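This report refers to the structure that appears directly beneath it.
Keep in mind that this is a model prediction, so the values were computed, not measured.
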Amino acid sequence: MKPLILAIDQGTTSTRAIAFECGDGGRLRPVAVSQIELAQHFPKPGWVEHDAAEIWAATLQTCREVIRKAGGVGRFAAVGITNQRETSVIWDAATGEPLHRAIVWQDRRTAAATAKLAAAGHEPMVQAATGLILDPYFSASKFAWLLDAVPEARERAERGEVKLGTIETWLIWKLTGGARHVTDATNASRTSLMDLATRQWRPDLAALFNVPMAGLPDIRVCADHFGDCDPALFGAALPIHGAAGDQQAALVGHGALKPGDAKITYGTGAFLVANVGDTPVASTSRLLGTLGYAVGGQAAWALEGSIFSAGSAIQWLRDGLKVISESRQSEAMAQGLKDNGGVYLVPGFTGLGAPWWEPEARGTITGLTRDSGPAQMVRAALESLAYQTRDLLDALERDGAPRLKVLKVDGGVTANAFAMQFVADICEVTVERPAFQEMTALGAARLAALGVGLIADLEDHPVEAPARWTPRMGADERERLLKGWRGAVKAAIIAAQ
């Protein structure tokens with residue numbers, strides 16, 4: 001029987017495990033899946049938290065369920081992990097229990113702290129070292145907040161009694177029974193503490209953010225041996241041989257391994273990652289320099305644009321406004337209108353990401369008339385995905401990248417054909433959606449398969465024929481719509497000031 005890889009995909013809204021069978025020619029085929037939704041906690045406006053203990057319990061449950069469905073642990077060769085990035089956890093090294101709820105990547109509570117650092121002139125140094133701007137999005141300021149919020153945590157972290165990490169670090173600690181405190185280089189590149197050139201923690205950055213180096217995990221490449229699972233968990237000491245942040249894992253899953261390849265994942269947020277090759281590129285357009293992946297002696301660098309609200313805007317229509325009862329209703333409602341009626345939604349529910357980086361911005365609706373109704377709101381939310389994507393592509397082009405001809409997409413929102421056609425029209429690209437959508441899990445599985453020797457390299461990547469949408473909107477109509485969008489974004493930014 002062919003060996004299996006257990007992929008853990010811990011996301012913002014759910015925890016999932018998928019078993020992939022390693023077939024001929026390097027093809028990975030999903031054979032079992034289990035998924036549990038994750039509770040969201042919003043203690044204050046702009047604050048978003050998760051329960052790290054709940055994440056661990058769901059990980060354990062989904063993995064056990066997948067192992068059972070796949071016929072037992074004996075066929076599994078390795079574990080791969082991918083995770084929501086930047087989300088920050090603090091826990092007790094002795095008990096393994098979290099000391100506070102995890103602070104989620106969307107959280108804006110440290111906006112004043114990062115603004116103070118920027119006002120003091122530190123952003124050029126931070127960006128040159130890490131590729132990142134000063135923003136509460138990244139983990140360093142979240143770590144500092146947690147250390148201050150938990151009594152004596154900072155002093156205990158200096159003594160090694162308290163551990164810090166992003167979600168994959170937390171899960172590896174729990175999976176190995178507390179034996180390994182490690183992270184992979186892609187997640188480390190999202191903390192504002194790792195030097196992109198050396199892929200090591202920078203003491204001066206740790207001092208700047210007031211984060212004790214002793215609390216940070218060791219950094220490993222993405223297909224390294226991260227440790228072995230406690231055999232009491234699954235019945236065998238499965239080796240953990242792959243880890244990457246969700247967007248970098250999706251880059252690997254799509255096979256976007258050559259300079260100029262790009263993908264965007266439309267999940268809770270949306271994240272454009274463009275492979276720029278073997279040398280880091282400094283953005284002048286407020287995109288993020290980041291690590292695409294690192295395996296063995298090979299590293300690929302990337303530029304990234306982050307949209308904070310994508311699928312979450314559709315969730316808001318369903319759960320907040322209650323204008324739809326199911327997300328899939330949005331497609332038919334949008335298609336039932338001849339146009340957007342001049343209505344624009346800027347979904348700045350937790351601030352605006354690239355290229356604006358306005359942490360205090362909030363959701364804004366412009367162009368409402370007495371004729372506006374639920375359908376216009378739904379269409380405006382779907383259209384906002386395309387407008388925000390166009391902003392990122394324009395910024396990428398200003399940084400010297402050629403205009404993309406093909407954009408690889410994945411994520412739950414890509415099931416909406418109206419939204420994908422509108423992305424193609426507004427962005428003037430061919431949009432390609434693979435038949436298998438779980439690119440983050442697939443990327444983690446490929447890294448683990450590489451790490452354990454089941455595949456020779458990441459280049460061997462058979463892909464099923466994708467669905468395609470090609471541009472069909474006229475230039476005048478596109479420019480008219482973009483002009484309305486830019487006005488709406490300007491209004492949202494002015495309102496935040």
Side-chain angles (χ1 to χ4, degrees), residues 26-28 246-267 269-278 281 283 285 287-288 290 292-293 300-307 310-311 354-355 382-440 442-443 446 458-475 477-479 481-482:
R27 184 179 297 278
L28 296 178
D246 51 8
Q247 304 314 315
Q248 285 93 338
L251 193 76
V252 173
H254 275 288
L257 306 177
K258 297 181 176 61
D261 289 346
K263 71 89 206 174
I264 188 166
T265 298
Y266 291 107
F271 303 89
L272 173 74
V273 182
N275 189 325
V276 297
D278 58 6
V281 173
S283 174
S285 301
L287 296 179
L288 306 174
T290 195
Y293 58 88
W301 305 94
L303 285 174
E304 177 175 327
S306 306
I307 296 169
L382 293 176
E383 288 188 354
S384 72
L385 305 179
Y387 298 133
Q388 292 177 98
T389 304
R390 176 61 186 253
D391 289 341
L392 297 182
L393 294 181
D394 287 346
L396 191 63
E397 192 170 4
R398 288 194 298 272
D399 279 337
R403 170 65 69 173
L404 289 181
K405 297 186 182 301
V406 176
L407 181 62
K408 301 174 187 293
V409 302
D410 65 281
V413 180
T414 64
N416 191 305
F418 170 84
M420 293 303 98
Q421 182 60 55
F422 202 74
V423 169
D425 287 337
I426 291 297
C427 297
E428 301 176 77
V429 296
T430 295
V431 173
E432 289 189 352
R433 183 189 68 197
F436 179 68
Q437 278 287 285
E438 306 303 334
M439 289 291 108
T440 53
L442 178 60
R446 290 192 65 80
L458 295 177
E459 301 291 336
D460 185 12
H461 187 85
V463 177
E464 294 183 48
R468 289 185 175 88
W469 292 267
T470 57
R472 59 192 188 196
M473 181 181 288
E477 174 70 0
R478 180 183 302 111
E479 188 52 40
L481 290 169
L482 285 169

> Rounded to the nearest 0.5 Å, what separation is found between the OG atom of Ser283 and the CG atom of Leu303?
Replying inline: 6.0 Å
> How many angstroms lie between CG in Leu481 and CD1 in Ile426, if you round to the nearest 0.5 Å?
Replying inline: 5.0 Å
>> Please find the pair of heavy atoms, one from Pro259 and one from Gly277, that lie closest to each other, and give the distance.
In response: CG-CA, 3.7 Å
> side chain to side chain contact (heavy atoms under 4.5 Å, CB included) between His254 and Glu432: does it pass, once the steps are laid out?
Replying inline: CA-CA 10 Å; His254 275 288; Glu432 289 189 352; over 6 Å; no
> What closest approach, in Å, do Val252 and Leu257 show between heavy atoms, and which atom pair accounts for it?
Replying inline: CA-CD2, 4.2 Å
>> With rounding to the nearest 0.5 angstrom, report the CG to CG distance, Leu272 to Leu404.
In response: 7.0 Å
> Would you call Leu393 and Glu428 a side-chain contact if the rule is heavy atoms closer than 4.5 Å?
Replying inline: no
> Is a side-chain donor or acceptor of Arg446 paired with a backbone partner of Gly253 at a separation under 3.5 angstrom?
Replying inline: no
> Is there side-chain contact between Asp246 and Phe271, with heavy atoms separated by less than 4.5 Å?
Replying inline: no
> Heavy-atom distance under 4.5 Å between the side chains of Leu407 and Thr389, does that happen here?
Replying inline: yes
>> Apply side chain to side chain contact (heavy atoms under 4.5 Å, CB included) to residues Lys408 and Met439 and explain how you reach the verdict.
In response: CA-CA 11 Å; Lys408 301 174 187 293; Met439 289 291 108; over 6 Å; no
>> Has Gln388 got a side-chain atom pairing as donor or acceptor with Ser384's backbone, closer than 3.5 angstrom?
In response: yes
>> Please check this pair: side chain of Glu383 against backbone of Ala419, looking for a donor-acceptor N/O pair closer than 3.5 Å.
In response: no
>> side chain to side chain contact (heavy atoms under 4.5 Å, CB included), that's the test. Do Leu385 and Phe422 meet it? Break it down for me.
In response: CA-CA 9 Å; Leu385 305 179; Phe422 202 74; over 6 Å; no
>> Distance check, rounded to the nearest 0.5 Å: Thr414 atom OG1 versus Ile264 atom CD1?
In response: 11.0 Å
> Roughly how far, to the nearest 0.5 Å, is the CZ atom of Phe418 from the CG atom of Leu382?
Replying inline: 6.0 Å
>> Has Asn275 got a side-chain atom pairing as donor or acceptor with Ala256's backbone, closer than 3.5 angstrom?
In response: yes
> At their closest point, which heavy atom of Trp469 faces which heavy atom of Arg433, and how far apart are they?
Replying inline: CH2-NH1, 3.4 Å
>> So which atom in Gly292 and which in Leu251 form the shortest heavy-atom distance, rounded to 0.1 Å?
In response: CA-CD2, 4.1 Å
>> Testing the basics here: between Gln421 and Thr470, what is the closest heavy-atom pair and its distance to 0.1 Å?
In response: NE2-O, 3.0 Å
> How many angstroms lie between CG in Asp425 and CE in Met420, if you round to the nearest 0.5 Å?
Replying inline: 11.5 Å
>> Could you check whether any side-chain N or O of Asn416 sits under 3.5 Å from a backbone N or O of Val413, counting only pairs where one atom can act as donor and the other as acceptor?
In response: no
>> Looking at every heavy atom in both Pro355 and Asp391, which two are closest together, and how far apart are they?
In response: CD-CB, 3.9 Å
> Would you call Arg398 and Asp394 a salt bridge, taking side-chain N to carboxylate O under 4.0 Å as the test?
Replying inline: no
> Quick check: does any side chain N or O of Arg468 sit under 3.5 Å from a backbone N or O of Thr430, one acting as donor and the other as acceptor?
Replying inline: no
> So Ser306 and Leu288, side chain to side chain contact (heavy atoms under 4.5 Å, CB included) or not? Walk me through it.
Replying inline: CA-CA 8 Å; Ser306 306; Leu288 306 174; 3.8 Å; yes
